[in-house]
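Throughout, residue positions are numbered sequentially from 1 according to the sequence presented.
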Amino acid sequence: MTHAADSIFENANGHTLGPTDESFDAVAVCDGRIVRIGSDHEVRFLEGVETDVIDCAGRTLLPGFIDAHTHMEVVGRRLLHADLGAATGRGEALDLLRAESSGEWVLGYGYDESTWDDRWYLTRNELDAVSTERPVVAFREDLHTASANSVVLDRYADELPESGVERERGEPTGVITEDAAEFLRAETAPDRAETKRLVEAARDHAHERGVTGVHDMVRRSHAPAAYRELGRDGGLDLRVRLYYWADHLDAIDELGLVTNGGNEYVEVGGVKTFTDGSIGAGTAKLSTPYADRDGTGEWVVPPEELAGIVERATALDLQLAVHAIGDEAIAETLDALPADTALRHRIERAELLPDDLSAFDAVASMQPNFLRWAREGGLYETRLGDERTAASNRVSDVLDAAVPLAFGSDCMPLDPLYGVQQVVTAPRESQRLSVTEALRAYTSGAAYAGHDEDRLGMIAPGMCADFVILSESPWEVDPSTIAGVEVEMTVVDGEVVHSTVDRSRSGVAF
């Protein structure tokens with residue numbers, strides 16, 4: 001006996017984004033799963049008295065996007081505190097900080113000095129002009145660098161790791177990097193109630209951008225508790241895969257957490273660790289010196305320490321997600337990771353890849369958003385020089401080498417269509433993908449990186465009913481405008497979690 005569908009989405013410009021990317025007009029959903037795709041006629045016979053029929057009016061329907069590397073608590077902080085990402089200069093960033101008055105601390109997130117005329121980090125003196133009474137911290141977009149005022153520097157003078165405190169003529173400039181920046185992140189961490197509020201804001205923001213699943217990299221955060229509380233109460237509406245920092249290994253072992261353990265909404269991914277820092281902070285580990293400064297970067301986790309983390313995680317049968325940006329860091333990571341295709345270990349960032357990718361035995365979890373820094377006059381050109389800039393973020397070479405590719409945002413920003421635009425318009429062929437390839441990296445590629453390809457990442461019968469409906473086809477618009485395509489509806493488990501239209505009655509064309 002054929003059961004009526006709970007909902008039918010018809011008159012769509014549908015793309016499965018499967019291996020052959022078949023097109024379809026309609027999709028039927030029952031109990032949170034896709035039960036049929038095909039023509040309107042083929043699917044409409046599953047309509048029952050209570051079936052909700054949504055007329056897509058020719059709009060584009062795709063699998064829901066999965067962000068394979070993000071930090072949802074940070075996304076929430078940018079939404080609810082001073083968001084410095086849009087600041088076009090130092091003055092605007094400082095004005096945003098002055099307007100921030102939500103707590104004891106003045107906190108700002110996401111500044112990118114590489115887009116400013118003078119291209120230098122915010123300093124102690126500038127933040128003192130924001131406040132000399134309240135502690136002020138502005139975190140750079142990559143979170144590997146922060147800027148602090150005198151109140152912060154004086155308060156934590158004996159606690160900030162000295163290696164991360166930049167000095168000029170013996171005095172702190174206010175620029176803080178790596179372990180010292182992480183110390184300030186911990187000091188400003190929200191409590192459990194506030195974290196839940198941040199996660200809810202980030203979830204809603206993700207839905208507005210068509211994101212139905214995230215791989216969240218968490219460290220000393222109440223975010224996992226917030227997810228589980230929301231899931232228990234039926235209010236999560238987002239598929240979350242958690243990667244715990246390596247300093248949680250004792251707790252992971254004690255609690256018996258295992259890769260892929262959990263439920264349909266919250267599951268354990270594995271262990272996240274660093275090797276090096278970032279190009280923006282000048283701390284990514286390179287084999288030759290930077291173009292604009294002395295040195296080759298630094299180890300955040302030295303190779304011998306990484307080897308110990310890999311050994312322990314492997315003994316616990318946990319998937320590893322290893323941050324490695326510079327070519328030397330990537331080489332050390334490839335040497336350290338076991339050849340274990342079952343666990344699908346991942347290299348996060350992978351910005352300066354080796355020439356020969358035949359031995360790249362891991363998932364390449366990359367961020368196409370970063371390609372904005374690879375353009376003429378961008379951050380990479382300043383830090384790395386022309387030759388290494390041209391060799392950065394070689395996503396096309398990754399696919400050509402049959403290396404599994406997953407895309408995430410690192411919340412810079414959390415917006416898959418922005419990432420798609422960056423990669424389809426990238427300045428060099430080795431950095432450029434087609435629209436279909438880019439979308440797959442945000443859908444089936446990310447699902448594969450999360451061991452979820454059997455239920456997520458494409459439109460097919462039996463898969464979870466997670467999809468997004470766009471106002472225009474990303475294949476048909478000017479590639480430089482893809483980020484402006486509107487997400488008109490986001491569906492998770494067959495339920496509409498975001499819509500830009502009033503759907504007060506069934507059968508409405510939106």
Side-chain angles (χ1 to χ4, degrees), residues 90 110-123 138-147 161-169 172-182 274-303 305-306 322-335 347-355 364 366-395 397 410 412 422 426-428 430-431:
R90 318 175 74 78
Y111 83 81
D112 180 6
E113 82 298 331
S114 73
T115 65
W116 301 346
D117 290 340
D118 54 9
R119 298 193 173 198
W120 193 245
Y121 310 121
L122 293 171
T123 65
F139 291 93
R140 192 182 183 277
E141 192 164 32
D142 62 3
L143 296 176
H144 289 259
T145 300
S147 300
E162 183 60 32
S163 62
V165 179
E166 182 188 89
R167 295 180 182 274
E168 190 174 285
R169 293 188 292 274
T173 65
V175 178
I176 306 294
T177 63
E178 299 304 341
D179 286 347
E182 178 57 34
F274 281 115
T275 55
D276 60 349
S278 75
I279 292 172
T283 53
K285 195 72 178 75
L286 311 180
S287 58
T288 56
Y290 281 86
D292 66 336
R293 60 189 64 199
D294 294 332
T296 59
E298 63 185 69
W299 294 112
V300 176
V301 174
E305 185 179 343
L306 175 64
V322 183
H323 164 117
I325 288 179
D327 57 333
E328 187 169 348
I330 292 171
E332 290 288 349
T333 302
L334 288 171
D335 284 344
I347 295 183
E348 311 294 319
R349 304 285 192 270
E351 292 177 53
L352 291 171
L353 290 163
D355 293 336
M366 301 177 73
Q367 287 71 48
N369 304 21
F370 295 1
L371 283 162
R372 69 182 184 271
W373 296 315
R375 301 178 190 277
E376 185 177 357
L379 171 67
Y380 287 168
E381 192 176 281
T382 301
R383 290 280 190 276
L384 304 174
D386 293 341
E387 185 175 343
R388 283 182 294 190
T389 296
S392 68
N393 296 286
R394 292 171 22 236
V395 291
D397 289 351
D410 200 29
M412 298 189 199
Q422 290 298 320
R428 298 162 186 87
S430 63
Q431 300 166 331

[atom1] of [X] to [atom2] of [Y]: how many Å apart, nearest 0.5 Å?
X    : Y    : atom1 : atom2 : answer
T275 : E332 : OG1   : CD    : 9.0 Å
K285 : T333 : NZ    : OG1   : 12.5 Å
D386 : E381 : CG    : CD    : 5.0 Å
Y290 : D292 : OH    : CG    : 9.0 Å
R394 : D355 : CZ    : CG    : 6.0 Å
L352 : I330 : CG    : CD1   : 6.0 Å

Decide side chain to side chain contact (heavy atoms under 4.5 Å, CB included) for S147 and Y111; before the verdict, give the C-alpha distance in whole Å, the side-chain angles of both, and the deciding distance to 0.1 Å.
CA-CA 10 Å; S147 300; Y111 83 81; 2.7 Å; yes
List the steps, then state whether side chain to side chain contact (heavy atoms under 4.5 Å, CB included) holds for D410 with F370.
CA-CA 10 Å; D410 200 29; F370 295 1; 4.2 Å; yes
Hydrogens and angles aside, do [X] and [Y] bring a side-chain donor and acceptor to less than 3.5 Å of each other?
X    : Y    : value
D327 : S287 : yes
E166 : Y121 : no
R383 : S114 : no

SB check E141 R372 (cutoff 4.0 Å):
yes
Less than 4.0 angstrom from a charged side-chain N to a carboxylate O is my criterion; do R388 and E351 meet it?
no
Aromatic rings H323 and F274: how do their planes relate, parallel, tilted or perpendicular, breaks at 30° and 60°?
perpendicular
Who pairs with E298 by side chain to side chain contact (heavy atoms under 4.5 Å, CB included), at least two apart in sequence or on another chain?
E178, T283
Determine whether a donor-acceptor pair (N or O, by modelled atom type, separation under 3.5 Å) exists between the side chain of T389 and the backbone of Y380.
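A pair under 3.5 Å: yes.
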Is the side chain of D276 donor-acceptor paired with the backbone N or O of I325 at a distance under 3.5 Å, no angle test?
yes
Check the pair L306, V322 against side chain to side chain contact (heavy atoms under 4.5 Å, CB included), reporting the backbone distance first and the verdict last.
CA-CA 9 Å; L306 175 64; V322 183; 4.1 Å; yes
So E113 and L122, side chain to side chain contact (heavy atoms under 4.5 Å, CB included) or not? Walk me through it.
CA-CA 8 Å; E113 82 298 331; L122 293 171; over 6 Å; no
